[in-house]
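All values below were derived from every heavy atom in this structure, side-chain atoms included, with hydrogens, water molecules and symmetry-related copies excluded. All of these numbers come straight from a predicted model, not from anything done at the bench. A, B, ... follow the sequence lines: proteins, then strands. Residue 1 opens every chain.
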Amino acid sequence: MGKARRSPLEFALKYGVYTIFVVIVIIFGLSNKNFLSTSNILLLLEQSAPIMIGVIGMTFVMMDGGIDISAGSNMYLSAAVSALLMTRMTADGSLITSAWQYILFMLVSLCVGALIGFFNGLMISRFRIVPFIVTLITTSIARGLGMFFTDMKLIIVNNMGFKFNDKSFLGISLLVYIAVALLILFHCVLRYTTYGCQLKAQGNNHEAAQKLGINITRNTLISYVLCGALCGLAGIMLAGQSGGVPTSLAEGYEFIIIPSAVLGGISLFGGKGSILPGCIIGNLLINTIVNGLTMMSANPYVYTIVRGVIIFIAVMVDSLNYKGEIR
Amino acid sequence: MHEYILEMQDIRKSFFGVEVLHGVSLQFKAGEVYGLVGENGAGKSTLMNIIGGVFPADSGGMLLNGEKYKPVTPRDARDARIAFIHQELNLFSNLTVAENLYIDQLPKNAIQAVDYKHMRREGGERLKSLGLDISPNALVSDLPMGIRQTVEIAKALLMNARIILFDEPTTSLSQKEKEYLFATIRALKESGVAVVYISHILEDVFELCDRVSVLRDGALIGTRERDELNKDDIVSMMVGRKLEHAYPVVEKEIGEVLLTVKDVQAPPMVKGCSLELRRGEVLGIFGLMGAGRTEFVRAVYGIDPLKGGSILFDGESIQKPAPKDCISRGIAFISEDRRGEGLLMPKPVDDNLILAKIDDIATPMMKIVPNAVVDKLTDISIQELRIRVSNKKLQMATNLSGGNQQKVVVGKWLMLEPKMLIMDEPTRGVDVGAKYEIYSLILDLAKRGSAVLCISSEMEELMGICDRILIMANGRFTGEVHKGSFDPKTIMNYALQGGEENG
């Protein structure tokens, strides 16, 4: 009994992404000799790192069967608040020098993100408003708040010393180390804590979870707070990468983050997937395609088309694969 | 040690202002299997849900081993070591068997991480000691229904439950699985666990239980010890209710055959059903929960896929029934799920009433619906059906009483003047006065020459309005009774036959 019968679709969803990834790497590698160079791979990893942290957070939300559209705006507001604080604290022209200051600004950004996540989670878990609507509203509010605080101005953090492109260890950017550490940490949270296991269970069947006495309200709230906090952290990392916080920072990134998770096998319907390797592969695939297209000097408008097609396929496969009731 | 492990004293419970339990007192002993029988809606499941902490009682108390027991959440029940095996299973199909066994109390290892190894090992051993050949690593979604049930039982055993409540545990089990379940229950009894067993299948209850109580309409009718169990006695206790309300009398004529259904199959619930329905006839289908009544009519109407059999309606054969096709042929179907399938709840009354008629009144070319016609038709309908509504344009279906809601549903279909009307539980959640009016509507329709197929779990209602009652059990028709020879005991005996076939 219990012989696992996997449908071809399920098989395609599970291993198809890896196959596509390998094929794409080979194609780009053959068509451009610089694509597989060490510097390009390192650049690719560094570019992927902040988004990947957002994907970790989104995984928790999606594990519960929810969604967080506000991820991109959250990144922006968190980064903007932290960057504003930076300008005040370094108003005398001094540079940020110590590691503690770096950590402080990252923590500030993380906390702002967590607050937004807390608002989302509260509305969704306690007041039972549909996640899509709540987070769509926060999307608008967060970006609006950020623009209000910054007066629609670009805040440059580069000249204050807050930048990541010169911070590296063994030639690998600091951002990659942070992302890897968080991936491992949250993989363990999802797999080896009571919270993680029960979140996965309730994502499958909220009603049964409630009957078993699992605190589904609390678990949902925590998942949104985690998502918000990680997005906040990713926001300041993005700012440190580009050297500034423009009003368009991370705009539309939720549409990279959510499909990355779906491509990584984390279902939009909840209860499915894991952080390792789920959070890595989908994001890497999308970034590799964009990176490869850049190196082939493709028309920049093609990126969004290609990205759209990938997202469409990923979501379609996820939906076809879903056997339960549509919520 | 107290004589009774759990005592329920004068438990009362109301839903939406209607009392469904009128002061029930029961006592359960350790090492005893206690049977609870009764018709659908007798209050058995409500009682179990109160013990299991799913919802609290309105009044009355419970004593667990002599101490006050007042569960507010299912977790309280679990902490009191009371396990509840629900009719629909509480398993997570995305997790493995081992994870499911431990999900509400995950074991931790030295570094406070969830200990999968321990779960697999202990869970595997536990399953083996129960004689179950299930891999703890198997995903629940890959297991057949019967096995899933045993996983659920294993879970109850894992928490060393003192009291285990079974609510209709055998509905999805095969014969072999059922025998195994009974053996397990007997072993539990030997080890001093109190088992409460709810079932429709009297044979099973007689085989298993030491004491049996009968509930009817939310009240305890009687309790019998094992050696004084007698099927006739129990059945008459289950049905022995007097006719509470009169039924309208309508003179009507029964005409020629309108619908012939032959050997219709829709696995797994419908295993070959045939019937004939004549113009002007009201045919009832009675059966206990899970008999396959609803599934049968859904298959005939084409809502669920039909897997064999033939349907002949009004001289024409229907090859592949589909709701739209059935409607255009003049068959209307009133679902048992009024709120979900019968009405647009947040829409006003007139929108709901006109819904089925809308295609007929729309202008031929542009398909525009003239408001004046809608107004006129809905006004007539509201008047004829005496739907109590203050403003049909402002009052939403949600805000109507159950009886008025049902009248709106009936009114919607009557506008089409159907040749045949299928009604599934026409008076569920409807108050007594409105019931009478709905019965009148059904009979008037039959008088005008339409055929009515009426499904109900309320036997007396069928006896009151039907010309003929077919009784369904275990996916088949097991008996037929004609007006004049209606007898609750005969009908109930037919309805309980599914169990004999099983056992």
For B:Pro74 and A:Gly213 the tightest heavy-atom approach is CB-N, 4.4 Å
Nearest heavy-atom neighbours spanning A:Ala201 and B:Phe92: O-CD2, 3.0 Å
Evaluate whether atom CD of B:Glu125 has more than 12 neighbouring non-hydrogen atoms of other residues, nucleotides or ligands under 6.0 angstrom away. yes
Is B:Ser93 in contact with chain A via its backbone, its side chain, both, or neither, using a 4.5 Å heavy-atom distance? both
So NZ of A:Lys272 and OG of B:Ser141: to nearest 0.5 Å the spacing works out to 7.5 Å
With a cut-off of 6.0 Å (strictly less than), are more than 12 heavy atoms of other residues, nucleotides or ligands near CZ of B:Phe182? yes
Let me confirm one number: the CG-OG1 distance from A:Asn215 to B:Thr73, rounded to the nearest 0.5 Å. 10.0 Å
Taking salt bridge (charged side-chain N to carboxylate O under 4.0 Å, His left out) as the test, write out the residues that go with B:Arg78, two or more places apart. B:Asp104
Using heavy atoms and a sub-4.5 Å threshold, report which of residues 113-122 of chain B line up against chain A, by residue number. B:Ala113, B:Val114, B:Tyr116
How about CD on A:Glu207, more than 12 heavy atoms from neighbouring residues, nucleotides or ligands closer than 6.0 Å, or not? no
With heavy-atom distances below 4.5 Å as the criterion, would you say the side chains of B:Leu95 and A:Asn204 are in contact? no
Close side-chain approach of B:Asn94 and A:Phe269, heavy atoms under 4.5 Å: no
Check: A:Thr194 and B:Lys108 side chains under 4.5 Å, non-hydrogen atoms: yes
CZ-CG distance between B:Arg75 and A:Leu212, expressed to the nearest 0.5 angstrom: 9.0 Å
Using a cut-off of 6.0 Å, state whether more than 12 heavy atoms not belonging to B:Phe55 lie near its atom CZ. yes
Quick one: does A:Lys200's side chain get under 4.5 Å of B:Ile103's, heavy atoms only? no
Side chain, backbone, both or neither: which part of B:Leu91 has an atom under 4.5 Å from a heavy atom of chain A? backbone
Looking at B:Asn137, B:Leu106, B:Asn100, B:Ile111, which makes the most heavy-atom pairs under 4.5 Å with chain A? B:Leu106
